[in-house]
Structure formats: structure tokens, C-alpha cells
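Convention: sequence-line order gives letters A, B, ...; per-chain numbering from 1. Any value given below was found using the heavy atoms of this structure, including those in side chains, with hydrogens, waters and symmetry copies removed.
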Protein chains: 2
Amino acid sequence: MVTARDIRQAYDQSFSSLDLNLSQASMIGYIAENGPMNQTELAAALVLGRAAIGSMVDQLETRRLVRRVPDPDDRRVWLVENTSAGSTLAVEIIRVDEQLRRRLRDGMSRAERQQLADFLVRLSANAATAAGGIGDLSPPNEIETHTPQTGDIND
Amino acid sequence: MVTARDIRQAYDQSFSSLDLNLSQASMIGYIAENGPMNQTELAAALVLGRAAIGSMVDQLETRRLVRRVPDPDDRRVWLVENTSAGSTLAVEIIRVDEQLRRRLRDGMSRAERQQLADFLVRLSANAATAAGGIGDLSPPNEIETHTPQTGDIND
DNA sequence: ATTGGACTGTATGGTGCCATACGAAGTGCA
DNA sequence: TGCACTTCGTATGGCACCATACAGTCCAAT
């Protein structure tokens with residue numbers, strides 16, 4: 001937990017020069033790489049709730065970094081896309097991200113990082129099953145139909 | 001980060017039967033194992049700010065689980081100690097903790113856990129130095145005189 | 001055509017934590 | 001003996017996120 005906080009802090013600080021926190025930067029970067037998407041998809045990608053995404057979009061929209069455009073196929077949904085200012089910022093974000101990643105990886109081999117990722121996934125799985133049955137010893141239920149997709153912000 | 005959240009959630013849920021969250025349980029457990037201590041020490045041990053500790057003590061004090069007693073040697077400080085109810089609860093806390101630890105370790109060898117801990121410490125160190133110099137390439141300053149003590153809630 | 005269920009984004013209230021600023025009390029130095 | 005400096009706990013305001021409930025919309029089945 002402490003490590004997670006340290007890393008988040010390092011990211012927040014790195015992005016503070018761009019006046020963004022980690023989540024905001026992730027959103028802009030993610031849109032830059034995957035194109036406009038609706039808020040529910042963003043929430044899934046960034047592992048946040050829909051409400052949190054909504055208020056993030058609010059903030060970034062007032063700063064003209066992203067923009068809500070109606071989805072022509074579904075009047076319920078907004079497509080969130082980067083403005084030109086947002087796109088410009090995105091390349092900087094990705095640059096900073098890669099730079100910080102390099103510093104975090106410092107002294108860790110590729111194999112080690114792979115193993116670390118593996119450990120974390122296993123821990124998460126254990127935590128999830130543990131959260132399922134509290135005091136009981138019941139077998140793990142069918143709660144997790146969502147084997148966490150790689151391709152998120154792992155690595 | 002996601003893993004950290006999952007673990008915290010598992011802990012919170014495990015302790016919810018005792019009507020405690022992870023931080024509260026950690027505090028009572030820590031006092032139970034190390035004896036009464038002042039709030040600054042508690043903050044360092046639980047890796048929280050002093051203000052957060054203060055309000056936690058407030059909560060637990062109204063529930064008569066801990067108690068503030070004046071430090072005879074320093075009139076600024078309160079020593080926080082478990083009440084008898086708190087001590088009773090502590091053994092339950094430790095039991096739940098050990099049980100959950102076992103479930104988290106599931107499928108991980110002792111060597112693997114050791115290695116994981118090592119990775120996390122290294123990552124934290126990297127994050128700390130990265131947080132020191134943002135865009136500059138200056139050498140790490142003397143900010144971190146506090147090599148994170150083992151003996152906390154690692155393992 | 002209507003209705004029920006599933007899904008989208010929003011509103012609201014709550015939680016846990018931080019950063020900052022403060023008064024009170026201790027400590028070192030002239 | 002006085003005066004700065006530090007340290008302790010507290011107060012305040014803010015942030016990021018969650019859970020829940022809700023209105024609007026889509027879709028499938030009658």
C-alpha cells in the first residue's frame with residue numbers, strides 16, 4: 001500500500017508541471033491512444049467509478065482539454081474526445097510517463113518486472129476471493145467474471 | 001495501485017465484522033503489540049499524518065476502545081493505550097489479520113513473498129528519488145533520511 | 001404499442017486522507 | 001532570564017474516490 005502511494009505521488013508530482021494529477025493525465029493519454037470513447041468505457045479502463053469519471057471530464061472540459069460530443073448512435077452517451085489543446089498535451093504526457101517509468105524500473109530487469117506484475121495479479125485475485133467469503137469457508141463464488149484484462153495500465 | 005486497493009478492500013471487509021477499518025484495526029493491533037505510545041509515533045508506524053491519527057483516536061475513544069492518558073514526562077503529548085475492551089478486541093484483530101494474511105499468501109512461496117517485498121521496497125525507493133527531481137537531472141538530495149524501517153506492517 | 005429490464009450519465013452524501021496553520025509546551029543558547 | 005526554535009496535538013479546508021439513487025434512453029418480448 002505504501003509503495004502504491006509512493007508511486008502515485010511520484011506520478012502526481014511529475015504531472016504537476018502540466019497541472020494534472022495521475023488520473024487526469026491517464027485519461028487524456030488513454031484517449032489519445034485509443035480515440036474518443038464514452039465515460040463508462042473510460043471508467044473501466046482507468047479502474048474508476050462512472051461518477052468519478054464524470055467529474056473528471058467536467059474539470060478537464062472547463063479547461064478545454066477534452067470535449068463532450070453526443071454519440072450519434074445512442075442519445076444516452078457522451079463521447080469524450082481530446083481537444084487540439086488536449087492532443088498537444090497528450091504527447092507531453094506520454095513523454096513524461098515514459099521517463100518516469102524508466103526511473104521506476106531502475107535496477108529491475110525485464111524478467112523481474114514481469115514477475116512483479118504476476119505477483120500483483122495473484123495478490124489481487126487472492127484479495128478478491130478473500131473479500132468474497134469473510135468468516136465462512138465457502139468456495140469462491142462466480143463473482144469474478146472479469147479476469148482483469150491485461151492491456152490496461154499494467155507493465 | 002489496483003492491487004493495493006483490492007487488498008485494502010479485503011482488509012476493510014474482513015474487519016467490518018468488528019466494525020473497524022484497516023487503519024483503526026492496525027492502530028489497536030499495533031498498540032496491543034508495542035504498548036501505549038504517543039500520536040506522532042503512531043503516525044509514523046501506520047504511515048499516516050498526525051492529523052489523521054488524531055481523528056482516528058477521537059473515533060476509537062468515543063467507542064471506549066482506546067484511551068488518552070497524559071504523558072508524565074511531557075505535558076504536550078498524550079499516550080494512547082487500549083482499554084480493556086480494546087485489548088480484548090485486539091486478539092480478535094490479530095486473529096483475523098493472520099487468517100487474511102494466509103489467504104493472501106495463497107499459492108505464494110516464502111521465497112516469492114520475500115522477493116515481492118524486495119521489489120516493492122525498490123520501487124518505493126525509485127519513486128522517492130524520482131519525486132525528488134521532476135524535470136531536472138539533479139542528483140538525489142538528502143531529503144530521504146528516513147530509509148523506511150522494516151518492522152512496520154510489511155511482510 | 002407497451003412494458004420491463006438493462007444501460008448511460010448525473011446528483012448526493014459519505015469516507016479517508018492530506019496540507020496548512022495554529023496554540024501550547026518543551027529545548028537550546030545568549 | 002529571556003528568546004528563538006522545535007515538537008506535539010488540534011482545527012480547518014480541500015481532494016479523490018466510492019456507493020447509492022435517479023432520470024433518460026435503448027432494446028427485447030410480449
| request: Specify the separation, in whole Å, of atom CD1 of B:Ile53 and atom P of C:dA19. | output: 14 Å
| said: How would you summarise protein contacts on nucleotides 6-18 of chain C per nucleotide, using B for base, S for sugar-phosphate only and - for none, with heavy-atom distances below 4.0 Å? | reply: -BBBSB----SSS
| message | What is the separation between atom CD on B:Glu61 and atom P on D:dG9, rounded to the nearest whole Å? | response | 13 Å
| field | Between P of D:dC17 and CG of A:Leu42, the distance in whole Å | value | 13 Å
| Among all residues two or more places apart in sequence or in another chain, which pass the side chain to side chain contact (heavy atoms under 4.5 Å, CB included) test with B:Ala52? | B:Leu48
Let me check something: any side-chain donor-acceptor pairs from residues 88-96 of chain A under 3.5 Å, sequence neighbours excluded? List them with distances.
| unit_1 | atom_1 | unit_2 | atom_2 | d |
| --- | --- | --- | --- | --- |
| A:Thr88 | OG1 | A:Ser84 | O | 2.8 |
| A:Glu92 | OE2 | A:Arg95 | NE | 3.4 |
| A:Glu92 | OE2 | A:Arg95 | NH2 | 2.9 |
| A:Arg95 | NH1 | A:Gln99 | OE1 | 3.4 |

| message | Suppose the criterion is salt bridge (Lys or Arg N to Asp or Glu O under 4.0 Å): which pairs have a residue in residues 57-67 of chain B, not counting sequence neighbours? | response | B:Asp58-B:Arg68, B:Glu61-B:Arg68, B:Arg67-B:Glu81
| request: Any chance you could pull the hydrophobic cluster mates of A:Leu79, using side-chain heavy atoms under 4.5 angstrom and chaining through other members? | output: A:Val69, A:Val77
| task | Just jot down the salt bridge (charged side-chain N to carboxylate O under 4.0 Å, His left out) partners of A:Asp6, sequence neighbours excluded, or say none. | result | none
